[in-house]
Amino acid sequence: MTAPVTARPVRSYGVFIDGAEIQPSTEFITRENPGTQEMVARFAHGDLAQARAAVAAARRAFDQGDWPDRPGQERAAVLRALASLIRRDQETLARIDAEESGKPIRLARGDVATGIALTEYAAALAMTSHGEAHTSLGPDFTGLVTREPCGVVAMITPWNFPLLLLMQKLPFALAAGCTTVCKPSELTSGSTLEIARLAAEAGLDRGVFNVVTGPGATVGHHLAQSRDVDVLSFTGSTAVGRSIVEASAGNLKRLSLELGGKAASVVFPDADLEDAVDGVLFGVLFNQGECCVSGARLLVHQDVADQFVRALVDRVATLRVGAPLDEDADIGPLIHSAHLDKVLAAVDGARAEGARVVAGGTRLTGDGFGAGHFMAPTIIDQVSPTSRLFNEEVFGPVLAISRFRTEDEAVELANAVEYGLANSVWSKNIDTALALGRRLRSGTVWVNTTIDGAPQLPGGGVKSSGYGREMGQAGFEEFTEVKTVQIRSGKRTPFFRGGAR
């Protein structure tokens, strides 16, 4: 591992409300690089008053401002300008996310590139959004079905993909004509606040995008409870998602929830096994496994299981664990020490239940790793479908392997968990691929690929992985309301027989 490098000086941010960045007087949240433990940023410790002020600013901007009524072409122009500014500053933004989240810098660059693509796609949607005209209802009856912005959108984003997951929400809400308030994770708020600065530079109206940093129990809870918030889009754990549902019950706001996952990679004997080895490891180790669609379970056919596991073990030994700014790192540190302890405890629990750790399973210390939160990529074989490791989200670089004999058994095992966010199928047989694509209960099914996508393709979950969709046309429509306008022309035929005299 190369020597750790951090930015200088320490970045400092306030909250962003009604077009202005407001610096706190005293209280900050500090953030350390999880690979080096050096402080890289500090954020305002937002409070209830600031959360209320941000919602009020967004409410005014929607009810009294002109953003919702501006032509789609004008909203698109602002979004294209924002995409251009993100491209200008993409290396800075990638460095911020790498230092705050721990992800390798080359992964962070990919996140920023995808964020640019999402913003440009949302700009296209702003220009092409349209309703319906029904002209076959009769000679004097015309029906219009229109799409209007839904109002004030609150967004609560997690620490694992700070910029990317913001950009799966924000450009689409802006394209629809909504105004917004974001509460990023208090661990990784930097890139969100940088985007707020860039949005103002791009010409976004005051109050249309507001950011309040701080704890979820204060800021996030207010966004869920507030009657001035029309839609809340949340990405995070299933447990927190349930608490948001409860907090919002009194106002019945619309929710879009992308929650936990326990994705399976299902490998059949007719797969290209070399590709499948690479894909399975990418699926579970991408972003250190701190990924809601992580392929944390491997379901491999009994006929090729031993061969496949040996290939996984050989390949994982070649991967490089390194500091976030190490250009050659494949895997970075975990987000903080408590999370690393939790992941290691899950490995110990699997051992106690009879599973066999065939690679990794340990904390990495010593030369090059310093005080960072590093973990060896871990492969665990012979995992029982009744075990906690099979069923519970670990959110770390841990692959749990189980075996199957028939297609029906593979489907049963893949669908056995409470989650339904994504699954992957590895097979060159089109019949197998299509059959599993239909039978797997998840919002996304990848075939001979994993953690893949494009701005045009929606993502989201079923079961305990939540509901609602992000990206694509469906993600845009999450931030719109459908209105029906019914028009009668000509003289009305009286309904009441008494009629007018």
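Predicted model only: the values in this text are computed from it and were never measured. Keep in mind that the numbers below use all heavy atoms, side chains included, and drop hydrogens, waters and symmetry copies.
- Using a cutoff of 4.0 Å between basic side-chain nitrogens and carboxylate oxygens, Arg320 and Asp330 are not scored as salt-bridged.
- Ion pair Asp278/Arg315 flagged as a salt bridge, since at least one NZ, NE, NH1 or NH2 atom sits closer than 4.0 Å to an Asp/Glu carboxylate oxygen.
- Using a 4.5 Å heavy-atom threshold, the side chains of Leu285 and Val316 count as touching.
- Contact of the Glu99 side chain with the Ile105 side chain is not registered, since no non-hydrogen atoms from C-beta on lie closer than 4.5 Å.
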Walk me through it: do Trp159 and Phe395 pass the test ring pair (Phe, Tyr, Trp, His ring centres under 6.0 Å)?
CA-CA 12 Å; Trp159 48 258; Phe395 225 62; 5.6 Å; yes
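- Within a 6.0 Å radius of CZ in Arg441, no more than 12 heavy atoms belonging to other residues, nucleotides or ligands are found.
- Of the possible polar contacts, none joining the Arg363 side chain to the Leu344 backbone as a donor-acceptor pair under 3.5 Å is found.
- Between Ser256 atom OG and Phe234 atom CZ the span is 11.0 Å, to the nearest 0.5 Å.
- Thr238 places a side-chain N or O within 3.5 Å of a backbone atom of Ser464 that can act as its donor or acceptor partner.
- For the side-chain contact (heavy atoms from CB on, under 4.5 Å) criterion with Lys262, the lone passing option out of Asn391, Val394, Val293 is Val394.
- Here Arg147 pairs with Glu477 in a salt bridge; the nearest charged N to carboxylate O distance falls below 4.0 Å.
- Aromatic ring orientation, Phe286 versus Phe161: parallel (interplanar angle below 30°, classes split at 30° and 60°).
- Between Arg11 and Glu100 a salt bridge is recorded (basic side-chain N to carboxylate O distance below 4.0 Å).
- Salt bridge Arg254/Glu481: present, at least one basic N to carboxylate O contact under 4.0 Å.
- Taking OG1 of Thr192 as the reference point, atom CE of Met155 lies at 8.5 Å (rounded to 0.5 Å).
- Applying salt bridge (charged side-chain N to carboxylate O under 4.0 Å, His left out) to Asp205 and the options Arg70, Arg75, Arg60 leaves one that passes, Arg70.
- Remark: the backbone N or O of Gly260 is paired with a side-chain donor or acceptor of Ser465 at under 3.5 angstrom.
- Evaluation of the side-chain hydrogen bond (donor to acceptor under 3.5 Å, both in side chains) rule for Ser243 yields no partner, not counting sequence neighbours.
- Arg109 has a carboxylate O that lies under 4.0 Å from a charged side-chain N of Glu91, or vice versa, which qualifies the two as a salt bridge.
- Between Arg42 and Glu27 there is no salt bridge, since none of the side-chain N atoms of the basic residue sits less than 4.0 Å from a carboxylate O of the acidic one.
- Annotation: salt bridge (charged side-chain N to carboxylate O under 4.0 Å, His left out) contacts of Lys183 (sequence neighbours excluded): Glu186.
- Distance check: Leu170 CG to Thr157 OG1 gives 10.0 Å after rounding to the nearest 0.5 Å.
- One finds the CG atom of Leu457 at 12.5 Å from the CD atom of Gln473 (value rounded to the nearest 0.5 Å).
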Evaluate the ring pair (Phe, Tyr, Trp, His ring centres under 6.0 Å) criterion for residues Phe374 and Phe369: first the C-alpha distance (whole Å), next the side-chain angles of each, then the deciding distance (0.1 Å), finally the verdict.
CA-CA 7 Å; Phe374 295 95; Phe369 296 109; 5.1 Å; yes
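- With rounding to the nearest 0.5 angstrom, the CE atom of Met167 is 12.5 Å from the NZ atom of Lys169.
- The pair Lys253-Asp228 fails the salt-bridge criterion, with no side-chain N (NZ, NE, NH1 or NH2) lying under 4.0 Å from an Asp/Glu carboxylate O.
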